[in-house]
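All figures in this text were calculated on a predicted structure; none of them were measured in a lab. In what follows, every heavy atom counts, from backbone to side chain, and hydrogens, waters and symmetry copies are set aside.
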Amino acid sequence: MSESIALINTSGPFGSTEIKDSIDIAMIMGSYEQDVHLYFIGDGVYQLVANQHPELLKVKDVFKTFAAFEFYDIEHLYVCEESLQARGLTEIFHVEGVQVLSKSALKESIHQHKTCLRF
């Protein structure tokens with residue numbers, strides 16, 4: 001098992017603080033040079049969809065924070081292919097470097113981590 005941390009995002013971007021919590025933990029761990037891997041499964045795939053307008057819901061735009069990932073050396077982002085397909089989504093993300101993995105490949109990748117946190 002790797003000493004890296006897996007942050008598994010399963011919730012949509014609006015209606016809770018889970019996306020902000022996940023991003024905050026990712027950047028804190030990144031600032032301590034920890035190897036952070038972000039996974040987007042189920043409704044969590046909506047966190048990656050480009051051209052969302054949170055201002056219409058009068059909520060803070062946390063999507064801008066994804067741009068800071070490069071500064072924190074967070075470069076391992078994975079999305080579940082089946083989750084995208086089930087929601088009729090394409091691979092148009094607001095962040096670069098997202099790897100689309102099959103459900104089985106994603107599961108195998110997650111099991112390589114010693115620590116996993118689910119949001």
Kindly write out the residues that satisfy side chain to side chain contact (heavy atoms under 4.5 Å, CB included) with K107, not counting sequence neighbours, or none if the list is empty.
H111

Approximate separation, where rounding is to 0.5 Å, of E75 CD and D35 CG:
8.0 Å

CD1/I23 to OG1/T17 distance, rounded to the nearest 0.5 angstrom?
11.0 Å

Could I get the full list of salt bridge (Lys or Arg N to Asp or Glu O under 4.0 Å) partners for D73, not counting sequence neighbours?
none

With S102, which residues qualify under side chain to side chain contact (heavy atoms under 4.5 Å, CB included), at least two apart?
E81, E82, S104, A105

Is it true that atom CD of E70 has more than 12 heavy atoms of other residues, nucleotides or ligands lying nearer than 6.0 Å?
no

4.5 Å side-chain heavy-atom contact, F93 and V100
yes

One should read off an interatomic distance between L48 CG and S83 OG, to the nearest 0.5 angstrom, of 11.0 Å

How far does NE2 of H37 sit from CG of L77, to the nearest 0.5 angstrom?
10.0 Å

Any chance you could pull the hydrophobic cluster mates of Y32, using side-chain heavy atoms under 4.5 angstrom and chaining through other members?
I28

Is the backbone N or O of F119 less than 3.5 Å from a side-chain atom of T10, with the two atoms forming a donor-acceptor pair by type?
yes

Using the side-chain contact (heavy atoms from CB on, under 4.5 Å) rule, take T65 and M27 through it: C-alpha gap first, then chi angles, then the decisive distance, then the call.
CA-CA 9 Å; T65 313; M27 291 194 302; 3.3 Å; yes

Taking the side chain as everything from C-beta on, heavy atoms only, tell me whether I19 gets closer than 4.5 Å to N9.
no

Are the side chains of F69 and L38 in contact, using a 4.5 Å heavy-atom criterion?
yes

Considering all heavy atoms of both residues, which atom of L84 and which atom of V45 are nearest to each other, and what is their separation?
CD2-CB, 3.9 Å

How would you list, by chain and number, every residue that makes a side chain to side chain contact (heavy atoms under 4.5 Å, CB included) with D43, sequence neighbours excluded?
Y46, R87

Quick one: pull up NE2 in H113 and OG in S4 and give me the separation to the nearest 0.5 Å.
4.5 Å

Check: S11 main-chain N/O paired with Q47 side-chain donor or acceptor under 3.5 Å:
yes

Please evaluate residues F40 and L7 with respect to the criterion side-chain contact (heavy atoms from CB on, under 4.5 Å), reporting the C-alpha separation (whole Å), side-chain torsions for both, the decisive distance (0.1 Å), and the verdict.
CA-CA 9 Å; F40 300 87; L7 303 178; over 6 Å; no

Linking Ile, Leu, Val, Met, Phe, Trp and Tyr by side-chain heavy atoms under 4.5 Å, what else ends up with I110?
I8, Y39, I41, Y78, L101, L106

Nearest 0.5 Å, what's the NZ-CD distance between K103 and E108?
15.0 Å

